[in-house]
Amino acid sequence: MNDVTRTPTGLTQHSGTQGGIGASTLRPDGTLKVTGEFAYASDLWHEDMLWGFTLRSPHAHARIRSVDVSAALATAGVHAVMTHDDLPAATRYGLEIQDTPVLADGVVRHHGEPVALVAADHPETARRAAAKIVVDYEHLPVVTDERTATAPGAPVLHPGRTDPHAAHVPHPNVVHRQPVVRGDVTAARARADVIVTGEYEVGMQDQAFLGPESGLAVPAEDGGVDLYIATQWLHADLRQIAPVLGLPEDKVRMTLSGVGGAFGGREDLSMQAHACLLALRTRRPVKIVYNRFESFFGHVHRHPAKLRYEHGATRDGKLLFMACRIVLDGGAYASSSPAVVGNAASLSAGPYVIDNVDAEALALYTNNPPCGAMRGFGAVQACFAYEAQMDKLAAALGLDPVEFRRRNAMAQGSVMPTGQVVDSPAPVAELLRRVKALPLPPQRQWESADGATDVRALPGGLSNTTHGEGVVRGVGYAVGIKNVGFSEGFDDYSTARVRLEVVAGEPVATVHTAMAEVGQGGVTVHAQIARTELGVARVTIAPADTRVGSAGSTSASRQTYVTGGAVKHACEAVRERVLELGRARFGTYHPAWASAELLLQDGKVVTDGGEVLAGLADVLGEEGVDVEREWRHRPTEPFDLRTGQGSGHVQYSFAAHRAVVEVDTELGLVKVVELACAQDVGKALNPLSVTGQIQGGTLQGLGLAVMEEIVVDPLTAKVRNPSFTDYLIPTILDTPTLPVDVLELADGHAPYGLRGVGEAPTLSSTPAVVAAVRQATGLALQRVPLRPEHLTGT
C-alpha cells in the first residue's frame with residue numbers, strides 16, 4: 001500500500017469542526033470536487049502497475065465456438081490473457097442469483113458481455129492486443145421482449161435454473177413474478193361510475209454517473225489481494241469476488257476509492273473481479289479504467305417497462321379499484337430484478353387509499369442489456385403510469401387534478417395494498433397543497449422589461465428556433481411513494497466503530513464504517529452525529545474498507561437511516577463508557593456523578609442542569625474508548641408469493657412535484673421552466689444536503705421525462721447510443737428553477753425521526769413534467785422519454 005497514491009477519496013481521512021445534527025454543515029470533500037482536486041478511483045496509481053482491458057462481445061446472443069488468444073499473447077508488453085477457461089474457481093456471480101458469468105462461458109447473452117481479459121504495460125497496448133483476439137461466434141436468435149421471451153419454442157436463456165424464484169414463475173425466461181391482491185376488484189368494477197384504462201411505456205435509462213468504473217488490484221505477499229475500488233457496497237463485492245478468486249474473504253481486502261456518482265449502477269460487479277484475476281495471474285498490480293463506451297456496457301441500467309393500468313372511481317371522486325400489469329425487461333442476467341419486481345408490485349397503487357387491488361409485476365430475461373438498480377428502483381416506472389391515470393380520472397370526473405389526488409391521499413394509519421399499515425406520517429395531501437400553493441413563474445418569462453427576447457428561456461434555447469410563436473405553457477402535478485431501506489425480510493443492518501481519544505490535548509472522535517460515499521453526503525452526516533452524541537468539535541471519518549463490518553449498500557435511501565443509526569448506537573455506547581470512566585475517577589469528588597443525568601457537551605461532562613463536572617480530556621486521560629456496534633431497523637417480512645400480502649417495507653417516503661413547461665407545438669421542443677418539489681424528510685439532519693438530494697433527484701427524473709434513453713435495436717438487441725454524444729443528460733442549460741419545500745414530520749421508528757430522502761423526488765418529477773406537456777398539447781403522451789415526434793405527430 002505504500003506505493004498507492006494517498007488522496008482525499010477514502011484513502012485518507014476527513015476531519016471537520018463544524019456543527020451537529022440540524023446544521024447545514026459543509027462537505028469535507030466539496031471544495032476538492034468543485035475545484036477538480038479530488039482524486040477518484042481512476043486517479044489511482046502504482047509505480048509497478050499493469051493496465052487491464054476487457055474484450056466484449058459484438059453480438060447480443062451467440063455461441064462461442066472458439067477463442068484464439070495467441071496473437072494477443074505474442075504482443076510485446078502483454079503479460080497475461082485470460083478467458084473463461086483460465087478462471088481458477090467459481091465462474092459466476094450475482095447480487096441475488098449467481099447467474100452472471102465472470103467471462104462468457106460458451107454463450108454470450110448480451111451486447112458487450114465480457115469475453116476475455118488482457119493485462120499489459122500500457123493501456124493502449126492492452127487495447128490493441130485485445131483487438132487481436134479472434135473469437136468465432138455462431139449467431140443465435142435474440143429474445144427482446146415479452147412476446148419473444150415467452151413464445152412457444154423461445155430460446156431459454158438460463159436453462160436448468162436453480163434459483164429460489166424459479167418455482168414461482170410462469171416461464172423460465174421470467175426472472176420473478178409478484179402479484180398483489182386485496183379486496184374484490186370484480187365487485188368494485190361493477191360499482192364504479194367512471195373507469196379509465198391506459199397503456200404506458202418507460203424507456204431504458206442509464207445512471208450516467210460521470211466517473212467511469214475503475215479500480216486498482218494489488219497482489220499481496222500472503223497470496224491475497226488488496227482492491228481499491230469505486231463501488232456502492234464493499235461487502236457485497238467481497239462476497240461475490242472471493243469465490244471467483246478461490247480465496248477466503250479475509251484474503252480479499254477492499255478499500256473504497258473516490259466514487260464519481262453511482263445511482264445504483266455500482267451495486268453490481270463490473271471490473272472488480274477482472275482486475276483481481278489479472279493481478280493474481282501476473283503478480284503485479286493491475287489497474288482497469290473503463291472508457292465511456294465501456295461504461296455503458298459495464299453496468300446495469302433502469303428496467304424499461306410496459307404497464308397496463310385500469311382504475312375505477314365513484315362520481316364524487318373516490319377511488320374504488322385498481323388493476324395493473326407491469327412487465328419489466330431485466331435483460332440478460334438477474335441482478336436485482338427480483339427486488340425491483342417486489343417494489344414495483346407493492347408500490348403499484350401509489351400513495352392512494354384503494355381498497356380493491358389486483359396487481360402483477362414481473363421481470364423478464366432477454367438479450368437486452370442487463371438491468372438492475374437505479375434511483376427509484378421499480379417505483380419510478382409505476383409512478384409514471386398511476387399518475388397519468390390520476391389525471392385521466394380527474395378529467396373524466398371534471399375535478400381539479402390536485403383536488404382529486406387529495407381526496408384519495410393516504411395518511412398515517414392508511415393500509416397499503418399489501419396489508420401493511422402506514423404507521424408514521426404520510427402527509428400526501430399536505431405535500432400536494434404546499435406544492436400547488438407555491439407562486440408560479442411569470443408568463444412569457446423569456447421577455448425582458450424592455451421587450452427583448454432571451455432565447456435561452458425558450459424551447460430550443462440557443463438554437464433560436466422560436467421567439468415565442470407556437471409556444472404554449474402547461475402545468476402538471478404528480479406525487480409518489482417510495483420505500484426506504486431493503487425490504488421483504490432482508491437482514492438490513494450496518495456496522496460502525498467509534499473511537500474517542502485525546503489528541504494534542506483535545507478530545508477527538510473517529511468514525512469507521514464501510515459506507516460507500518458516492519456523493520450522498522454520509523461523510524458529513526456521520527461526523528454531525530458524532531458531534532451531537534459525544535459533544536466534541538473534532539471528528540475524523542476513517543477510510544471505508546472491509547476491516548470493519550458491513551454497512552450495506554449506498555442505495556435504497558438507507559445509509560443515513562441505517563449506517564447513521566449504527567453510528568448513533570456506537571456513539572451512545574462510547575458515551576456510556578466515558579461516563580463510567582468519569583464515575584470511577586471523579587465520582588467521589590462530586591455526588592452529581594452518581595445522581596444526575598449526565599451529558600457530553602462542548603468537550604465536557606455536564607449535568608442536565610448545565611453544571612460542568614469535568615473535561616473530556618481529563619476523563620479519558622491516555623485511555624481511548626473504542627466501540628463497534630451493529631444496528632438494525634425493525635424487521636420486515638417477505639411478500640406472500642400468491643397474494644403479495646405482508647409488511648415488506650420498513651419506511652415510506654413521499655414527494656410531490658409541480659412542473660411548469662413551455663412547449664413549441666410546431667417543432668415538438670420542450671423547455672421545463674420550473675420543477676417545484678415538496679417533500680417530507682422526517683428530520684433534516686443536514687438541510688443543505690437534503691435540498692441538494694431533492695434537487696438532484698428531481699433533475700434525474702426530468703432527464704427521464706424528456707431526453708434520457710438507451711436505445712436498443714429491437715431486431716439485434718444491440719445498443720445504438722453507448723456514449724454521451726447520443727445519450728443525452730440534462731446540463732445546467734436544461735436545469736429549470738428548482739424550488740424545494742421541506743416538511744419535517746418525525747418518524748418515531750427512525751433515528752432522529754429521519755426519513756430517507758434521495759429517491760422519492762425522482763419518482764414524481766417525471767410524471768409531473770409529462771402532465772404539464774399533456775396540458776400544453778392535449779396529447780395523451782403515454783411513453784417516456786418524450787420525443788419531438790410524439791408532440792408533433794410526425
Given side chains that start at C-beta, do those of [X] and [Y] come closer than 4.5 Å, heavy atoms only?
X: Pro730; Y: Glu708; answer: yes
X: Leu320; Y: Ile354; answer: no
X: Phe404; Y: Met390; answer: yes
X: His311; Y: Phe321; answer: no
X: Val711; Y: Val719; answer: no
X: Leu362; Y: Val169; answer: no
X: Val327; Y: Leu364; answer: yes
X: Leu440; Y: Val660; answer: yes

Can I get a per-line list of side-chain donor-acceptor pairs under 3.5 Å for residues 185-194, giving both atom names and the distance, sequence neighbours left out?
| residue | atom | partner | partner atom | Å |
| --- | --- | --- | --- | --- |
| Arg189 | NE | Glu310 | OE2 | 3.2 |
| Arg189 | NH2 | Glu310 | OE1 | 2.8 |
| Asp193 | OD2 | Arg315 | N | 2.7 |

Kindly write out the residues that satisfy side-chain contact (heavy atoms from CB on, under 4.5 Å) with [X], not counting sequence neighbours, or none if the list is empty.
X: Val353; answer: Asp355, Met410, Ser414
X: Val740; answer: Thr691, Ile694, Gln695, Val742
X: Ala705; answer: Thr766, Val769, Val770
X: Thr144; answer: Val142, Thr148, Asn368, Ala717

Exercise. Could you walk me through whether Val300 and Gln207 pass the side chain to side chain contact (heavy atoms under 4.5 Å, CB included) test, one step at a time?
Key: CA-CA 9 Å; Val300 298; Gln207 295 85 352; 4.2 Å; yes
Tell me yes or no: between the side chains of [X] and [Y], is some donor less than 3.5 Å from an acceptor?
X: His303; Y: Ser337; answer: yes
X: Gln205; Y: Arg302; answer: yes
X: Tyr477; Y: Gln775; answer: no
X: Glu267; Y: Ser555; answer: yes

Scan [range] for pairs that pass salt bridge (charged side-chain N to carboxylate O under 4.0 Å, His left out), counting only residues two or more places apart or in two chains.
range: residues 468-479; value: Arg473-Glu662
range: residues 194-205; value: Glu199-Arg308, Glu201-Arg783
range: residues 323-334; value: Glu146-Arg325, Arg325-Glu360

Exercise. Mark yes when over 12 heavy atoms from residues, nucleotides or ligands other than Arg456 sit less than 6.0 Å from its CZ; otherwise mark no.
Key: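 Check fails, neighbour count at 12 or below.
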Within the side chain of [X], is there an N or O that forms a donor-acceptor pair under 3.5 Å with the backbone of [Y]?
X: Arg292; Y: Leu210; value: yes
X: Asp664; Y: Pro459; value: no
X: Thr735; Y: Thr731; value: yes
X: Gln679; Y: Val757; value: yes
X: Arg658; Y: Cys677; value: no
X: Asn343; Y: Gly378; value: no
X: His301; Y: His299; value: yes
X: Ser336; Y: Ala373; value: yes
X: Thr665; Y: Gly470; value: yes
X: Ser764; Y: Ala655; value: yes

Quiz prompt | Qualifying ring-ring contact (aromatic ring centres under 6.0 Å, His included) pairs, either residue in residues 703-728, two or more places apart | solution = Phe296-Phe724, Phe296-Tyr727
Quiz item: Pairs in or reaching into residues 339-374: which pass ring-ring contact (aromatic ring centres under 6.0 Å, His included), with residues at least two apart or in two chains?
Solution: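 Sorted pair list: His158-Tyr365.
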In plain terms, say whether [X] and [Y] are close enough for a salt bridge, that is, a side-chain N and a carboxylate O under 4.0 Å apart.
X: Asp713; Y: Lys718; result: no
X: Asp726; Y: Arg720; result: no
X: Arg406; Y: Glu430; result: no
X: Asp400; Y: Lys436; result: yes
X: Arg405; Y: Asp391; result: yes

Exercise. Go through the steps to decide whether Leu458 and Thr453 satisfy the test side chain to side chain contact (heavy atoms under 4.5 Å, CB included), and finish with yes or no.
Key: CA-CA 9 Å; Leu458 281 161; Thr453 299; 3.7 Å; yes
Exercise. Could you check Asp358 against Val180 for side chain to side chain contact (heavy atoms under 4.5 Å, CB included), going step by step and ending with a plain yes or no?
Key: CA-CA 6 Å; Asp358 185 358; Val180 175; over 6 Å; no
Quiz item: Checking side-chain hydrogen bond (donor to acceptor under 3.5 Å, both in side chains) for the pair Thr762/Gln700: CA distance, chi angles, key distance, verdict?
Solution: CA-CA 6 Å; Thr762 307; Gln700 209 154 24; 4.7 Å; no
Quiz item: Listed by chain and number, what are the ring-ring contact (aromatic ring centres under 6.0 Å, His included) partners of Phe639, not counting sequence neighbours?
Solution: His649
Kindly give the heavy-atom pair with the smallest separation between [X] and [Y], and that separation in Å.
X: Ala388; Y: Arg774; result: CB-NH2, 3.4 Å
X: Arg434; Y: Ala678; result: CB-CB, 4.2 Å
X: Asn173; Y: Leu157; result: OD1-N, 3.1 Å

Quiz item: Residues in side-chain hydrogen bond (donor to acceptor under 3.5 Å, both in side chains) with His171, at least two apart?
Solution: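 Partners of His171 by the side-chain hydrogen bond (donor to acceptor under 3.5 Å, both in side chains) criterion come out as none, since no residue qualifies.
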Practice problem: Any chance you could lay out the side-chain hydrogen bond (donor to acceptor under 3.5 Å, both in side chains) test for Gln381 and Tyr200, step after step, and finish with the verdict? | Solution: CA-CA 9 Å; Gln381 295 90 330; Tyr200 305 95; over 6 Å; no
Quiz item: What's the verdict on side chain to side chain contact (heavy atoms under 4.5 Å, CB included) for Met416 and Tyr652, showing C-alpha distance, side-chain angles and the deciding distance?
Solution: CA-CA 11 Å; Met416 295 289 293; Tyr652 296 99; 3.7 Å; yes
Self-check item: Asn483 side, atom CG; Arg558 side, atom CZ - distance, nearest 0.5 Å
Solution: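 So the gap between those two atoms works out to 12.0 Å.
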